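Have a look at the structure below, then the notes.
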Amino acid sequence: MNRVFSGIKPSGEVQLGNYLGALQNWVSMQDESDAVYCVVDLHALTVPHDADELRSSTLSLAQMLMAVGLDPERCILFVQSHVQEHAECAWLMECTAAFGELRRMTQFKDKSTGNEFVSAGLFTYPALQAADILLYDTNQVPVGEDQRQHIELTRDIAIRFNSRFGDTFTVPEAVIPPSGARVMDLQHPDRKMSKSEESPQGTILILDPPEVIEKKIKRAVTDSNDEVFFDVEKKPGVSNLLSILGAATGKTPKEACDGITRYGDLKNATAEAVIELLRPVQEKYYTLADDPAETSRLIAKGAEKAREVASTTLSRARQNIGLLNL
Ligand code: AMP
Ligand code: TRP
């Protein structure tokens, strides 16, 4: 059976880019594959954070993942730090990855530049990500475009480990959607939409009420010639709306242009599609949020199932790399 693995950080609120770039694929892949999904709380420690906030974001992110349609009966859903194999395997990955490879990672450059404190964990972050993926003999990793480089590095690490120490890990590949793989900020269409609080008007949160979503989309930056076509270079703002509309309605951005000639119509159609897409997710989230004990029970069960797979792979890796077993 095809094994799928992916992860999302519990830092800040879930935004539309997470949903269109990754979570939609997670949901559709849980039935065709043997899917494992993870709230990667250890990755959230790489940047300054508040301890209580992290704990509550971790639980509410698990609830959000169930609200978007992940079903703990049909996939394994768990929290990274509950399966200690991740941290241990990360060390093996750090010793297999080259310093120069990690230094080339653009996410590290973006997140470290201009910051007063840069943790060593932020630098070795992709080695932990490789451990996450490789522990589950993963074939496919559904992610947004920004993660392509990390998945490439994971492949290189797996290939290197296998050639040095014998066949140990499955070499995974990234699965990136045709629309929505890189949702841009509505106010700054040259940078990706992100959870960070820097651009609240440019970011649509999954829990934004319908009127807020409508307002943000209506105020989205476009350009001055009222012509609707898809061209990321020449028309970044309009193309972003077309990508969002396409991803929300199961079309490519070019197909999403069909029948739309004016910016006003494009914005109305996009707002309506996003509101309808998120309405059931929001309803389900608020129901689940009422019962944190049930969520905790489900993710504890998920961790047990994940540990079974991860511990088998880690034993193999420990053996092959030369650690003494008693
Ligand atoms: P993160 O919130 O950084 O843990 O990301 C979780 C998933 O959402 C990853 O697969 C990212 O690639 C994806 N993602 C985050 N932001 C965007 C975006 N603006 N457009 C498309 N995918 C995104
Ligand atoms: N680095 C990913 C992000 O920023 C999150 C992540 C951690 C992940 N481990 C993973 C994604 C394993 C896919 C597979 O979005």
Side-chain angles (χ1 to χ4, degrees), residues 3-27 29 35-47 57-58 61 64-65 68 78-81 83 86-87 89-90 93 102 105-108 110-111 121-122 124-136 138-155 157-158 172-196 198-199 202-206 232 239-240 243-244 246-248 253 306 310:
R3 171 61 58 66
V4 166
F5 180 95
S6 199
I8 178 168
K9 289 190 297 283
S11 46
E13 288 188 65
V14 184
Q15 41 86 13
L16 189 65
N18 296 129
Y19 189 58
L20 301 180
L23 304 183
Q24 265 192 339
N25 256 349
W26 294 20
V27 174
M29 289 172 103
V36 183
Y37 298 122
C38 183
V39 175
V40 291
D41 55 348
L42 297 175
H43 280 94
L45 305 182
T46 57
V47 289
S57 313
T58 301
L61 181 53
M64 180 57 84
L65 294 179
V68 302
F78 74 107
V79 173
Q80 187 184 30
S81 66
V83 177
H86 288 250
C89 186
M93 301 296 102
L102 295 176
M105 294 294 116
T106 53
Q107 186 167 308
F108 173 71
D110 292 347
K111 293 205 170 181
L122 188 65
T124 57
Y125 175 120
L128 176 59
Q129 182 164 352
D132 299 341
I133 297 168
L134 299 182
L135 277 174
Y136 296 90
T138 303
N139 307 104
Q140 293 184 308
V141 190
V143 282
E145 182 62 46
D146 62 343
Q147 294 303 308
R148 193 187 285 280
Q149 198 186 29
H150 287 167
I151 312 303
E152 278 302 313
L153 176 65
T154 302
R155 289 171 60 86
I157 292 176
E173 62 178 45
V175 176
I176 293 172
S179 292
R182 195 169 166 77
V183 176
M184 308 308 276
D185 187 295
L186 298 174
Q187 291 300 317
H188 307 275
D190 56 331
R191 61 186 200 219
K192 73 172 183 189
M193 190 178 283
S194 91
K195 287 185 254 205
S196 67
E198 274 167 39
S199 176
T203 306
I204 295 177
L205 302 176
I206 302 299
V232 177
S239 300
N240 189 35
S243 298
I244 293 173

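For ligands, and for the atoms within them, numbers begin at 1 and follow the listed sequence. The structure presented is a predicted model; accordingly, all values stated were derived computationally and were not measured.
- The N/O atoms of E145, backbone and side chain alike, include none that comes under 3.5 Å of an N/O atom in ligand 1.
- Considering both main-chain and side-chain atoms, I8 never comes within under 3.5 Å of ligand 1 through any nitrogen or oxygen pair.
- Per-residue contacts place A22 under 4.0 angstrom from the following atoms of ligand 1 (heavy atoms of the residue considered): 7 (C), 8 (O), 10 (O).
- Within the listing of ligand 1, atoms 20 (N), 21 (C), 22 (N) sit less than 4.0 angstrom from a heavy atom of A181.
- Counting only heavy atoms of the protein, atom 12 (O) of ligand 1 lies nearest to D146 OD1, 2.4 Å.
- Annotation: P142 places no N or O atom under 3.5 Å from an N or O atom of ligand 1; distance criterion only.
- Counting heavy atoms closer than 4.0 Å to ligand 1, residue S11 contributes nothing at all.
- Below 3.5 Å of separation, one finds no N or O of S6 facing any N or O of ligand 1.
- Residue contact check: G21 has heavy atoms under 4.0 Å from atoms 21 (C), 22 (N) of ligand 1.
- Residue contact check: K9 has heavy atoms under 4.0 Å from atoms 1 (P), 3 (O), 4 (O) of ligand 1.
- Atom 20 (N) of ligand 1 has V183 N, 2.8 Å as its closest protein atom, hydrogens excluded (heavy atom only).
- Within ligand 1, the atoms closer than 4.0 Å to a non-hydrogen atom of Q147 are 12 (O), numbered from 1 in the order shown.
- Here is the list of ligand 1 atoms found below 4.0 Å of a heavy atom in V143: 10 (O).
- Looking at ligand 2, you won't find any N or O of S6 less than 3.5 Å from one of its N or O atoms.
- Numbered from 1 in the order shown, with element, the atoms of ligand 1 that lie under 4.0 Å from a heavy atom of K195 read 1 (P), 2 (O).
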